[in-house]
Amino acid sequence: TKLVRLECSGIPTLPSLNVSKNTELKYLNCSENALAALDLTNNLKLEKLSCGGNEFTTLDLSKNTSLKYFGFVNSKLSSLDLTNNTNLEDLYLFVNNLSAIDVSKNTKLKILHLYENQLITLDTSKNNNLTELKVHNNPLTSMRLGDSGSTMEVKFGNNPYPITVSTATKTFDLSQLTGFDASKASNWQGGTVSDTTLTVDEGVDNVTYTYDCGERQTTHGYPTVTGKLLMPCTLKINWKNADGPAAPVLSLVARTDKD
């Protein structure tokens, strides 16, 4: 029960771990095992936790308010509540299935790695201490960094986000995109925007635009530049016929006089 540090990673035959009696535990690395679940509700002093690469896809951290470092990577995590983890400084959640993450209460964050998820939008405007943000390989359609705070190093490079557009109307309601502010988007290519309605040019596969992420200063790009971030975004167009799925393509077969 006096155990403060526990390292038990990289054991593919380890299916379970019980640390409920280890109430003094401050450091735990149990990543890359075969754990089906992890109960940390009694580990109130835990400050550093790495537990990715296991079988479980949900985790309750509501009691772990002392947590400063959390890594859950190379997993299938689809949601996470960090509301109570206000002391977090380093957060590593890359290579998961997250479509949304709220870090507005984590105002002490300095490092945030979220690359290779399914994030559509991200708001770090409350994270004024953030100095490093990695969000590449997400289908981001918008991002809000805020207008103040420390200069932030940002690595991005978005995957296209798919939208369905009717061949009849050729329109898409941009208000369907979570967190999207049409007034922050410009340089539209492949379509035009009026208010929150996108009218897609006939036959195009992609619509691109630039999104204003705020006045906060960032270092980004190759070669590196410093300034506000204007993020390139892409919408992948899935055309849909008005009456349902795309019409079948007819195949004409040449016939001879003997047929």
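What you see is a predicted model, and the numbers here were worked out from it, not measured in a lab.
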Kindly state each residue pair satisfying ring pair (Phe, Tyr, Trp, His ring centres under 6.0 Å) with at least one member in [range], sequence neighbours excluded.
range: residues 112-148; result: Tyr92-His113, Phe94-Tyr115, Tyr115-His136
range: residues 28-64; result: Phe56-Phe72
range: residues 20-41; result: none

#### Entry: side chain to side chain contact (heavy atoms under 4.5 Å, CB included) assessment of Ile101 paired with Leu93
CA-CA 10 Å; Ile101 185 76; Leu93 299 174; 4.1 Å; yes
If you compare all heavy atoms of [X] against all heavy atoms of [Y], which two are closest, and at what distance to 0.1 Å?
X: Gly179; Y: Ser142; value: O-OG, 3.4 Å
X: Thr226; Y: Gln217; value: CG2-OE1, 4.3 Å
X: Cys51; Y: Cys30; value: CB-SG, 3.7 Å
X: Lys236; Y: Asn206; value: CA-OD1, 3.5 Å
X: Thr107; Y: Lys126; value: CG2-O, 3.6 Å
X: Asp102; Y: Ser104; value: OD1-OG, 2.7 Å

[Y] side chain reached by [X] side chain, heavy atoms, under 4.5 Å:
X: Leu119; Y: Leu98; value: yes
X: Val200; Y: Thr171; value: no
X: Ser194; Y: Thr199; value: no
X: Asn106; Y: Phe70; value: no
X: Asp60; Y: Thr58; value: no
X: Cys233; Y: Thr141; value: no
X: Leu28; Y: Leu46; value: yes
X: Thr151; Y: Thr219; value: yes

### Message
If only side-chain N and O atoms count, and only distance matters, is there a donor-acceptor pair under 3.5 Å linking Lys76 with Asn96?
### Response
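No, no side-chain donor-acceptor contact under 3.5 Å.
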### Message
Whether the Asp81 and Thr83 side chains hold a donor-acceptor pair (N or O, under 3.5 Å, no angle test) is what I'd like checked.
### Response
yes
### Query
In a check of side-chain contact (heavy atoms from CB on, under 4.5 Å) between Leu133 and each of Lys155, Glu153, Met143, which one passes?
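With Leu133 as partner, side-chain contact (heavy atoms from CB on, under 4.5 Å) holds for just one option, Met143.
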Do the side chains of [X] and [Y] join up, straight or via other hydrophobic residues, at under 4.5 Å, putting them in one cluster?
X: Ile111; Y: Leu49; value: no
X: Leu109; Y: Leu80; value: yes
X: Leu61; Y: Leu6; value: yes
X: Leu114; Y: Val73; value: no
X: Trp239; Y: Leu235; value: yes

Could you pull out every donor-acceptor pair under 3.5 Å between side chains of residues 37-44 and any protein atom, sequence neighbours left out?
{"unit_1": "Asp39", "atom_1": "OD1", "unit_2": "Thr41", "atom_2": "N", "d": "3.0"}
{"unit_1": "Asp39", "atom_1": "OD1", "unit_2": "Thr41", "atom_2": "OG1", "d": "2.7"}
{"unit_1": "Asn42", "atom_1": "ND2", "unit_2": "Ser20", "atom_2": "O", "d": "3.3"}
{"unit_1": "Asn43", "atom_1": "ND2", "unit_2": "Val19", "atom_2": "O", "d": "3.0"}
{"unit_1": "Asn43", "atom_1": "ND2", "unit_2": "Asn22", "atom_2": "O", "d": "3.0"}

### Task
Identify, with sequence neighbours excluded, every residue that meets side-chain contact (heavy atoms from CB on, under 4.5 Å) alongside Ser150.
Thr131, Arg216
### Message
Surrounding CD of Gln176 (heavy atoms of other residues, nucleotides or ligands, distance under 6.0 Å), is the total greater than 12?
### Response
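Atom CD in Gln176 is packed in, count exceeds 12.
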### Query
Around Lys170, counting heavy atoms of other residues, nucleotides and ligands shown, do more than 12 lie under 6.0 Å from its NZ?
yes
All N/O donor-acceptor pairs, side-chain side in residues 185-193, below 3.5 Å, sequence neighbours left out:
none

Indicate yes or no: does [X] engage [Y] in a salt bridge with an N to O separation below 4.0 Å.
X: Asp212; Y: Lys184; value: no
X: Glu132; Y: Lys110; value: no
X: Glu215; Y: Lys228; value: yes

State whether the side chain of [X] and the backbone N or O of [Y] hold a donor-acceptor pair below 3.5 Å, judged by distance alone.
X: Asn29; Y: Ser31; result: yes
X: Asn85; Y: Asn64; result: yes
X: Asn138; Y: Leu140; result: no
X: Asn84; Y: Ser62; result: yes
X: Asp90; Y: Tyr69; result: no
X: Ser166; Y: Ala168; result: yes
X: Asn159; Y: Pro139; result: no
X: Asn158; Y: Pro232; result: yes
X: Thr218; Y: Gly227; result: yes

### Task
For a ring-ring contact (aromatic ring centres under 6.0 Å, His included) with Phe180, tell me which candidate from Tyr211, Tyr161, Phe172 qualifies.
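For Phe180, the ring-ring contact (aromatic ring centres under 6.0 Å, His included) test succeeds with only one of Tyr211, Tyr161, Phe172, which is Tyr211.
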### Query
Would Asp195 and Thr197 satisfy side chain to side chain contact (heavy atoms under 4.5 Å, CB included), going step by step from the backbone distance to the final call?
CA-CA 6 Å; Asp195 195 15; Thr197 300; 5.6 Å; no
### Query
How far apart are the C-alpha atoms of Val207 and Ile237, what are their side-chain angles, what is the distance that settles it, and do they pass the side chain to side chain contact (heavy atoms under 4.5 Å, CB included) test?
CA-CA 7 Å; Val207 172; Ile237 309 303; 3.8 Å; yes
### Derivation and outcome, side chain to side chain contact (heavy atoms under 4.5 Å, CB included), residues Leu130 and Leu145
CA-CA 10 Å; Leu130 196 61; Leu145 301 181; over 6 Å; no
